[in-house]
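Below you'll find the structure, written out as structure tokens, and then a few comments.
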Amino acid sequence: MDRFEIRLSGAGGQGMILAGIIIAEACLYEEGLNVTQTQSYGPESRGGASRAEVVLSREVIDFPKVIKPDILVALTQKAYNKYYNDVKDEGIIIVDNSIELSNIKVKTYQMPIFEKAIEEVEMKLSANILVLGIIDSLINQVKSSSLKKAIKKRVPERTIAVNMKAFAVGKKLAEGGKIDE
Amino acid sequence: MDRFEIRLSGAGGQGMILAGIIIAEACLYEEGLNVTQTQSYGPESRGGASRAEVVLSREVIDFPKVIKPDILVALTQKAYNKYYNDVKDEGIIIVDNSIELSNIKVKTYQMPIFEKAIEEVEMKLSANILVLGIIDSLINQVKSSSLKKAIKKRVPERTIAVNMKAFAVGKKLAEGGKIDE
Amino acid sequence: MGYKIDEYLRQDKLPHIWCPGCGHGTIMGNLIRGIDKAKIDPDKTVVVSGIGCSGRASGYMNFDTLHTTHGRAIAFATGIKLANPELNVIVITGDGDGTAIGGNHLIHGARRNIDLTVVLMNNHIYGMTSGQFSPMTPTGDNATTAPYGNIDQNFDLADLTKASGASFIARGTAYNTRQLIEIFAEGLLHTGFSFIEAISQCPVNYGRRNGLSSAVDMLKCQRDSSVNIRKWDSLSKEEKKGKFPTGVLYKEDKREYTEMYQEIIDSVQEEAK
Amino acid sequence: MGYKIDEYLRQDKLPHIWCPGCGHGTIMGNLIRGIDKAKIDPDKTVVVSGIGCSGRASGYMNFDTLHTTHGRAIAFATGIKLANPELNVIVITGDGDGTAIGGNHLIHGARRNIDLTVVLMNNHIYGMTSGQFSPMTPTGDNATTAPYGNIDQNFDLADLTKASGASFIARGTAYNTRQLIEIFAEGLLHTGFSFIEAISQCPVNYGRRNGLSSAVDMLKCQRDSSVNIRKWDSLSKEEKKGKFPTGVLYKEDKREYTEMYQEIIDSVQEEAK
Amino acid sequence: MSKKGKVKITHPERCKGCEICVMYCPTDILVVKKGQITITDIDNCVGCYNCELSCPDFVLEVVENNER
Amino acid sequence: MSKKGKVKITHPERCKGCEICVMYCPTDILVVKKGQITITDIDNCVGCYNCELSCPDFVLEVVENNER
Amino acid sequence: MKDKIKLLQGDEAVVEGAIAAGARFFAGYPITPASEIAEGLAEKLPIYGGKFIQMEDELASMACVIGASLSGLKSITATSGPGFSLKQENLGLGMMIEVPCVVVNVQRVGPSTGLPTSPSQGDVMQAKWGTHGDHPVIALAPSSVKETYELTVNAFNFAERFRTPVILLLDEIVGHMREKVVLPDEEDIEIWNRKKPEVGPENFNPYEETDGLVPPMPNYGEGYRYHTTGLFHDRTGFPRGTNEDAKNLMDRLMAKIEGNMDIISLYEEDIRDDDEIIVLAYGSTMRSAINAINQAREAGIKAGWIKLKTIWPFPVDYIKEVGRRAKALIIPELNRGQIIKEVRENVFGNAEVHGINKYDGTLIKPEEILNMIQEVK
Amino acid sequence: MKDKIKLLQGDEAVVEGAIAAGARFFAGYPITPASEIAEGLAEKLPIYGGKFIQMEDELASMACVIGASLSGLKSITATSGPGFSLKQENLGLGMMIEVPCVVVNVQRVGPSTGLPTSPSQGDVMQAKWGTHGDHPVIALAPSSVKETYELTVNAFNFAERFRTPVILLLDEIVGHMREKVVLPDEEDIEIWNRKKPEVGPENFNPYEETDGLVPPMPNYGEGYRYHTTGLFHDRTGFPRGTNEDAKNLMDRLMAKIEGNMDIISLYEEDIRDDDEIIVLAYGSTMRSAINAINQAREAGIKAGWIKLKTIWPFPVDYIKEVGRRAKALIIPELNRGQIIKEVRENVFGNAEVHGINKYDGTLIKPEEILNMIQEVK
Ligand SMILES: Cc1ncc(C[n+]2csc(CCOP(=O)(O)OP(=O)(O)O)c2C)c(N)n1
Ligand SMILES: Cc1ncc(C[n+]2csc(CCOP(=O)(O)OP(=O)(O)O)c2C)c(N)n1
Ligand code: SF4
Ligand code: SF4
Ligand code: SF4
Ligand code: SF4
């Protein structure tokens, strides 16, 4: 596999960085890939802009950050506006459906991420894991089982069940997700 | 007047630096010469090595420290040992008579400075002013009246009398001082 | 009861960066109400803060405001006040900012009894850097740098500032908002070093790690462990356990630093005439 | 009464650099006698000092000795002690070193109740730098940086260290040599943060500027203003004026820092097994 | 009761849903829905100011003449 | 009295003439002459150790068998 | 072997490297982006019987670490720019009294509070000149998580071997980046420990050159009862206040570092005989450089790279040599041009020296370096 | 006029110069060899209605001085190496938030406690790089008591004019030397004061380039109610955490200094058309240099001198030009070679660059420079 780049963006407190770490761990420990995972965030614990990036490759990874993402997840309008233009032509974008899309040039999946997290998972904070479910069903760089294993290792023990549910909801959502092209 | 250099050396607490300042002020304020006055001392308030230097000139003074003294005063053996060799051939050395002289190459005045300070002035700490009296009678770069004026400006008011006495004792001493050549 | 806070708040900077349920917002709000109540001139008021979540307060308050380095706010404030004693100078600090790295400036500000109003938002943790223990984290509690429980003992800040020389010492909680306003107003009007410890809650970096996951729970805890100083002395030793007194704990009339310095100037200038 | 000080003194470094009549020599001598009396192992004893005339003491004492930076001796000592709790760690500091620039480390050392013996030679002035006022220079006195009389107020160091958490607090004077020895020995044997203020005299940079030109006069002043703590409480407020108590002022059994840390290690390692 | 003010959500966009005001409200008229504060029954508001004074986010105000 | 020690100037070169020991001596046998401590009448020494304990410069010792 | 593969942050790699190198003491004060080092060691050290302490500030942390090292424990502290500024006075003492310890600075954008969560290489010059007076400095800068682990071990080894504080300069990217590392087996790690005196206390002089320029060092409590001071001192450890002592000590302090460049100076190069353009970099910037060089070579450009792992002492002779061969040197840095000054000072031949500088918290992208390569080629 | 002739120490000249420049606030902490500045100002300031405060340490002193300046008083602090190290963090804040003030460092021999009473020029590089991150620096170094007076006035003027802390680097010789000075009449001293805003509070942005690169600055209490932070901020003074703000601010901070070299860069030269050997010096070392050049010229050697009064920013273009003309440059310094690095970096022509370095607390004697001149001639 050649260099594959994922950018997860949103606001502080939405768990984008944890999601990035989980992808990275799944790819490293379960798939044996090389990975680099980086992030950028403001000093705020909550609310400010937050971005996690994962680069996957069979080769040694030199530049550790995303250059042109294969996947962009944007959970806030701000994040979307800032990043949607960077995505590779053949890449995909995943956004919450509260977000207004502009100038769509790449495959964009707009889904009721928060709505489902609140309604079906009953935990708004599970949106990040739900997103992992979506990603899982859209790409084939990493196996479902690997992602699930990595999630279980990273989330607090008592929340494993609810997070597995979030993952499943995400997968289901993606399978029926509407695509703007 | 060309560059004229004076080095006063002894131990901390013996007032060598004050003596240097007095010479400098006398030369500047009363004689209108250019002067630089520098010093070097250890961190100790008392006891460590202490050195004051004065350079006098009608010209602008570039290097501010003594290169080869015209006059060396040494109140301790240590100071004498360290500096006696630097003195100009035509220069002079003034030392307390407790000091053992070695290898005398320039005019050396050995005098009972501390003895006189204790016995005649009844204040060991007046040795520095006594030394000024000695210097006054040995050189002509600065007038007695200038030195006296400068002393009065610098010593605490209530000690003016005793210091004037020390100055006089020094002058007297120099006039009868024995010379080793 | 209707406080005019609009003039004192930089509304355009809101929402602030503090987490949901963070006590710092409540404390800042009531500091502003205290300012309104004390009727000090906002054009002559300076707010100086250190670094930390608490330190961000200065940015939201509509005065001359200075966000400094970590721990040094009182030293900056000392310069501001001494240079122009007309100014009301308020310092906002945190328990880490004010008692760890800034401990020396706290005790020396108090010793000089210089006329500053120091508000220490004590949330018992380093919030901004995500949950390391501070000198005010209760012994035994967990923090990211105390994974096996904190063995450090705490200061009693009222004792410490009293021993240092502060002439006004008070403590309030984010819970007891009305008391806070009173205390702030009184501290602002006191001439001399006024130290006010305002107990805050950090649900994200302290509560979560110590069995109190919501701001509401933490506020209830403040309610249950605080006792008004008027009642405090009548409690038995047993009853005092795990509790702390709130209100104005100490107040003294004492020579103030900038006033004493002005006397030097006056007398020196008098003599020079 | 015959103390074996030879083993504890670096005789070849004497005479020391202190001025004639400086109280630091007397205090150091009696600290050494206290060490002899306490019978602590000199090979396991470390003396750490800051910068100042007081700081030079470490160079004359025959132990592992460390002359550090200005004000930080307690922080260095904390590392030494925590890294090897077997060591007896003595800190020698001055009133400037220990309460001005080093004030924060003093209160935090006390707060941790780490087992150090801190000897603060209080001569009420910056001696080494020739007579600037310190936080302990009495208000109203003269100093090179207080040409019009000092307006700063002083710490009461017993109060300050008590409020900070010290578990042994004592005060002695260069005048009362026998009491000093007792205090030092007791402080050395106490487990926890021991703070000992030893009143010293600096005839050169404090006395001279304040009407006490000789060491003898200054010692007499110490004699006349100090009161043994055993008598102190029986004095009226009036009688206490201008006086201060000496002796062991406070002592408490309290968990010590390095012991508590060892418990963490033990339990973590136990668990790991 | 007309003299007394009533609570108003002056800055809904600032609400972070912490439920602090909810805890303070003596008549339980404040409820957080979908992370947003809402007023269930304004008539029951007694204008106690608890919510205004306690909200960390300057969301609520008790308005004298209640000009909502 | 023979058991009691007596003062000895063990390190005269260190004396700085501060007169602290002089102040402490209960029998006034210590005198500073020309900046140097001297003992005027050793027989009157009561071996109180005051001078040894107070001398800042480690000049004096009270020696048990007084082997001067 | 499998469980030795880890996904680690650079900060975590410092923790692992420190433990592996034998560190048993940490004192520090939290600061972004270095707090994870404290947090990791707070958890790990007691497992190994080591000690962690959170001090009241960075000044105290630096002091505490020096004290602990004197007691015999390998010691480390970690901070970022503002704390690094505060550590400078005591860092200078550590250099003067020759106490082994490791000081990590995970660089964020300064000056002042700056951009606390963004990467920078802005403290490179401060690492060399931050404390007053001339002084000897070793500073290492890793460009990957793996290198962070390795250079942490190196840092402890240099500290112990040369009896001096060693600075480990991460940047926020390396510190916070997660990356695959294969941790070596314990047996495969070379460990140096400080030389202990071979003589008894009677014959011991703590600052004597008994064998090479680095004096042996006993632990406190071992009966040597020696003196140490930040004043200039002679071989006995005592200050005499003389000018000779100052010169002798300073000369030895510098010589023990500069005279061991062959050991201390770590760098890698990929320069082919006919490469004309050399990109010299360090830290996270290196990653972009390699990416760019690879692209350039694909485009047929004769370009190679140098990776500095030891930044201080700067490899003067090596760079002089490179400067003679190369047509152009390109120095990308996350600052306004710091190491480039050293390069300029030492390149006299025909080589042009060009900087690429970012100091706004963003990274230098491979394409920016590639563009520069294409410009100067 | 007669009473304007004085025998002053350099430290005392700082006091006189500060008062003349309008300084009305001092905060500091005693340290040899700078204490005389504090002592002088403790006595003088109240006479002029100014304030003196002795703070608990140097960190607090630096903070206090910045605070006082924000309140509107021209402010100054003074220290030596160890204290200068401690001031670095807050000095960086001062540069970031653009607060005029003067920081004096009377240099003694470091590192650490070093030789506290001996002269040095060892903190020259620290003056530029001591605080973390890139930052703008102005540093002046007088070589005589008279120049100390003058450069103190200059320091305040630059501070006010460019809204930045200015460092005055004395060395112990200049600080403690007594020398004749003729103090100028008050009317003859050019005084700059900070620009005040011309707009009312409603239209005021504290970090806006309204007229040149230096934003106007109101005093606290004048109703402007503005915000200031050590975080990167935009023209409103508030941090947005964006990379653009960081770049814009940093660029402006550097440009306001580097773009005003013609005003800030003070140097003197005595170079005749055919002089081949140039001695470049600063501070007390300059005195020996001039003495040596005079001797050399008497011996028929073609030698001249450059005296740097402004050390930072370094006069890059000027030195490049000199380097093209000269055969050899000799740089005597009381350190192991600091300014010589800047010279080496910027001299590309044929000029050899030689250092004469003393770092043991003694001075460089005229004959040592003369010898070097004779060697290279
Ligand atoms: C010199 C320095 N050291 C450390 C830091 C990192 N730092 C920023 S805020 C903070 C702690 C803040 O805690 P506290 O004062 O309790 O305030 P809170 O965030 O909890 O309100 C620390 C350690 C810094 N900015 N500067
Ligand atoms: C960081 C720093 N600041 C200032 C100094 C200068 N200095 C040396 S000793 C001293 C004061 C010492 O006073 P104190 O602690 O009271 O001790 P004393 O000399 O009176 O025994 C000062 C300010 C220094 N060495 N380092
Ligand atoms: S981290 Fe804690 S203190 Fe900081 S804003 Fe969040 S809740 Fe408040
Ligand atoms: S200056 Fe004072 S404290 Fe220092 S040695 Fe002299 S008398 Fe003692
Ligand atoms: S207290 Fe404020 S922020 Fe919290 S729920 Fe109520 S209105 Fe919203
Ligand atoms: S006390 Fe000591 S130093 Fe002082 S006079 Fe007596 S013997 Fe001499």
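Every heavy atom of this structure was used, including side-chain atoms; hydrogens, water molecules and symmetry mates were not. Within every chain, numbering begins at 1; the chains are lettered A, B, ... in the order of the sequence lines, protein sequences first and strands thereafter.
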Taking everything shown except [X] itself, do over 12 heavy atoms lie less than 6.0 Å from its [atom1]?
X	atom1	result
A/Lys82	NZ	no
A/Lys116	NZ	no
G/Glu186	CD	no
G/Arg272	CZ	yes

task = Answer yes or no: is there a side-chain heavy-atom contact under 4.5 Å between A/Leu33 and G/Lys180?
result = no
inquiry  = Side chains of G/His176 and A/Gln39, heavy atoms from C-beta outward: is any pair under 4.5 Å?
reply    = yes
message = For residues 15-24 of chain A, give me every residue with a non-hydrogen atom less than 4.5 Å from any non-hydrogen atom of chain G.
response =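 Answer by number: A/Ile21, A/Ala24.
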Donor-acceptor pair, side chain of A/Tyr29 and main chain of G/Leu7, under 3.5 angstrom = yes
inquiry  = Test your reading of the model: is there a side-chain donor-acceptor pair from G/Arg178 to the backbone of A/Thr36, 3.5 Å cut-off?
reply    = no
inquiry  = For a quick test of reading the model, state the closest non-hydrogen atom pair linking A/Ile61 to G/Arg287 and the distance between them.
reply    =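 Nearest heavy atoms, A/Ile61 then G/Arg287: O-NH2, 3.0 Å.
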query = Which heavy atom of G/Thr32 sits nearest a heavy atom of A/Tyr41, and at what distance?
reply =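 Smallest interatomic distance, heavy atoms only, reads CG2-OH, 4.4 Å.
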query = Tell me, side chain or backbone of G/Leu8 under 4.5 Å from chain A's heavy atoms, or both, or neither?
reply =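 Neither part.
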Proximal component of G/Leu363, with respect to chain A [non-hydrogen, under 4.5 Å] =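 G/Leu363 touches chain A through side-chain heavy atoms alone.
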ask   = Restricting to pairs with a member in residues 360-369 of chain G, which pass salt bridge (charged side-chain N to carboxylate O under 4.0 Å, His left out), not counting sequence neighbours?
value =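 For residues 360-369 of chain G: G/Lys358-G/Glu368.
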inquiry  = Give the interface residues of residues 290-307 of chain G toward chain A, defined by a heavy-atom separation under 4.5 Å.
reply    =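 Answer by number: G/Ile290, G/Asn291, G/Asn294.
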query = To the nearest 0.5 Å, what is the distance between NZ (A/Lys65) and CE (G/Met177)?
reply =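 A/Lys65 atom NZ to G/Met177 atom CE measures 9.5 Å (nearest 0.5 Å).
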request  = Report the residues that fulfil ring pair (Phe, Tyr, Trp, His ring centres under 6.0 Å) with A/Phe114, sequence neighbours left out, ordered by chain and then residue number.
outcome  = none
